[in-house]
Protein chains: 2
Amino acid sequence: MNVLSFQCFYQKFATNYHIAMSSKIKPIKSVSLVEQVEQRILEFLKENRFKSGDSLPGEIELAENLGVSRNIVRESLSRLRMLGVVESKKRKGMFIAEPDILSGIERIMDPDLLGEEAMQHIFELRLVLEVGMSELLFIRKNDSDVDNLQEIVDREANDPLCKTDLQTRLAHEIEFHSYLYKMSGNGTLNRFQSMLLPVFHYMMQQESKSAAQPKRGSISHNDLVETLRSGTAYEFRENMRNHLTPHFSKLS
Amino acid sequence: MNVLSFQCFYQKFATNYHIAMSSKIKPIKSVSLVEQVEQRILEFLKENRFKSGDSLPGEIELAENLGVSRNIVRESLSRLRMLGVVESKKRKGMFIAEPDILSGIERIMDPDLLGEEAMQHIFELRLVLEVGMSELLFIRKNDSDVDNLQEIVDREANDPLCKTDLQTRLAHEIEFHSYLYKMSGNGTLNRFQSMLLPVFHYMMQQESKSAAQPKRGSISHNDLVETLRSGTAYEFRENMRNHLTPHFSKLS
DNA sequence: ATCTAAAATATGTCCTACATATAAAATTAA
DNA sequence: TTAATTTTATATGTAGGACATATTTTAGAT
């Protein structure tokens with residue numbers, strides 16, 4: 001299917017150059033043309049429900065009908081391309097694609113970019129996810145998963161550096177928990193966790209630096225594996241909560 | 001602090017117009033200049049740790065030193081602006097800002113844009129969050145929160161339409177659960193949930209359409225409020241899990 | 001009919017010019 | 001001298017034209 005008739009889409013955009021503000025006070029931030037066009041295109045794509053693969057009008061046609069320069073349209077499309085909403089091929093044109101929920105997050109999930117508050121939120125989010133994830137794990141776990149997890153735990157237990165080196169301990173910690181996300185069978189959740197690692201790593205170091213008490217919960221990784229093998233989702237949830245107690249106890 | 005000395009940043013970018021592929025096979029997707037520049041700028045911002053508010057070089061200077069046109073730089077910066085990594089003022093130039101983790105998601109969280117798999121992942125994610133959220137609620141709840149929640153539940157119980165109209169039932173359902181996120185004290189989590197609503201709404205309608213059995217768990221909203229008032233985080237977690245049983249039971 | 005070469009086309013990139021807003025400087029008024 | 005006002009300088013915002021590049025389609029040759 002090809003996208004035709006953009007009439008409703010184009011309506012009176014070319015005439016209204018500036019944002020309309022009938023009787024209201026002037027807004028603080030005047031929205032740039034790029035943002036307006038971006039929103040306009042997004043709304044259009046939402047209203048008419050295009051299938052992935054449908055083709056869009058060319059940039060020039062869009063620009064002419066919207067009454068803006070091709071540059072503006074290109075900047076808007078560049079943003080949508082980043083989000084995965086559209087794709088473009090050299091001579092074919094632009095197509096609808098299925099957006100990637102995490103493509104935006106992926107770019108900015110970094111301790112050197114995010115603020116302290118955002119990182120705190122993310123760290124809490126991680127705790128929430130790991131406790132709430134239990135049900136998914138029990139629905140989708142299989143024997144080889146548990147075996148692999150057991151192997152990870154054994155490697156950790158036999159690593160002599162684990163007692164002394166924080167980095168080593170962190171690496172094992174991350175490997176274990178990462179595998180849980182993988183087992184969840186939820187690709188988005190799994191990818192999110194892997195993106196979250198730098199922030200997680202940063203927060204853990206901060207934590208160990210300030211408190212100087214890397215006290216662990218009474219539930220070990222090994223206990224968790226055992227619960228996963230022969231326990232219930234309900235038990236695993238509470239054990240995970242217990243395992244994460246050192247982190248929960250720092251919240252306020 | 002002003003950003004000076006971009007030497008390391010600019011290094012041999014102007015010379016290498018195309019991506020280097022020394023001995024490897026040609027990649028499937030040749031990365032566009034915009035993406036390269038976007039990545040380069042992001043890396044630069046990560047490596048040197050700028051405070052929010054630091055000023056960046058102007059577009060023209062960036063373009064010249066990177067060996068690309070101003071258009072390319074502008075498209076890249078437009079993306080970063082969308083993510084909230086940078087902000088720009090008319091005569092001042094561009095500044096570092098604290099990125100918004102959810103700005104990308106906000107734009108695409110729509111049933112008409114996302115694919116079925118993505119929506120399934122998001123729906124599962126919602127279940128995970130609400131079960132895992134319990135601890136945050138008990139850490140941050142206060143009396144007025146519980147009262148407000150009780151009021152929401154009472155309104156639901158006294159709404160006669162609740163028995164017959166699916167939309168009404170959904171509205172109450174959403175109001176209740178939304179308030180829980182608000183109570184979590186985690187702004188990012190709360191905003192995420194509000195963005196998630198359209199997808200949630202869509203999935204619930206799909207569910208009620210297919211199964212025609214809107215059977216509820218044995219735990220009601222009223223039970224959850226009571227648990228929140230005088231129970232423990234542990235009890236609330238399990239009650240919430242029970243409340244969501246109709247949804248969990250459809251997973252595979 | 002098959003393979004090959006040329007043309008057509010939409011995106012990708014570059015360039016120049018001007019519009020616009022606003023901080024900073026210069027000027028005038030009190 | 002100080003305060004208010006006007007002017008100027010500057011970086012982003014927008015416009016439009018030109019060419020590069022890749023790839024589909026068409027035309028042509030074997």
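Model, not experiment: these values are computed from the prediction. Order of the sequence lines sets the chain letters (A, B, ...), proteins ahead of strands, with each chain counted from 1.
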Indicate whether OP1 or OP2 belonging to D/dA11 is found under 4.0 Å from a side-chain N or O atom of B/Ser88. no
For atom CD1 of B/Ile60 and atom P of D/dT10, their distance in whole Å: 11 Å
Aromatic ring proximity A/Phe50/A/Phe95, centre distance under 6.0 Å: no
Which listed nucleotide (D/dT24, D/dT10, C/dT13) is nearest to the side chain of A/Lys92? D/dT24
May I ask you to verify whether the side chain of B/Asn71 and the base of C/dG12 hold a donor-acceptor pair under 3.5 Å? no
Calculate the interatomic distance between A/Phe95 atom CZ and D/dT24 atom C1'; express it in whole Å. 11 Å
In Å and rounded to the nearest 0.5 Å, what is the CD1 to CE distance from B/Ile108 to B/Met195? 11.0 Å
Rounded to whole Å, CG of A/Leu77 lies from P of C/dG12 at a distance of 9 Å
Can you tell me how far P of C/dA10 sits from CD of A/Glu61, to the nearest Å? 9 Å
Interatomic distance where CG belongs to B/Leu80 and C1' belongs to D/dT12 [whole Å]: 15 Å
Presence of B/Arg81 side-chain N/O under 4.0 Å of D/dG13 phosphate oxygens OP1/OP2: yes
Reading DNA chain D from 5' onward, which residue's closest nucleotide shows up sooner: A/Lys89 or A/Glu75? A/Glu75
Whole-Å distance between C/dT13 P and B/Arg74 CZ? 16 Å
One thing to verify: whether A/Glu75 and A/Arg79 come together as a salt bridge, which I'm taking to mean a side-chain N less than 4.0 angstrom from a carboxylate O. no
Answer with yes or no whether B/Arg70 presents, from its side chain, a donor or acceptor under 3.5 Å of a partner atom in the base of D/dG13. yes
On the side chain of B/Arg91, is there an atom forming a donor-acceptor pair with the base of C/dA24 - under 3.5 Å, no angle test? no
Among C/dT11, D/dA15, C/dT13, which is the nearest nucleotide to the side chain of B/Ser32? C/dT13
If you count the non-hydrogen atoms of other residues, nucleotides and ligands that lie under 6.0 Å from CD in A/Gln39, is the total more than 12? yes
Calculate the interatomic distance between B/Lys90 atom NZ and D/dT12 atom C1'; express it in whole Å. 6 Å
Contacts satisfying ring pair (Phe, Tyr, Trp, His ring centres under 6.0 Å) that involve residues 96-132 of chain B (not counting sequence neighbours) are B/Phe123-B/His247
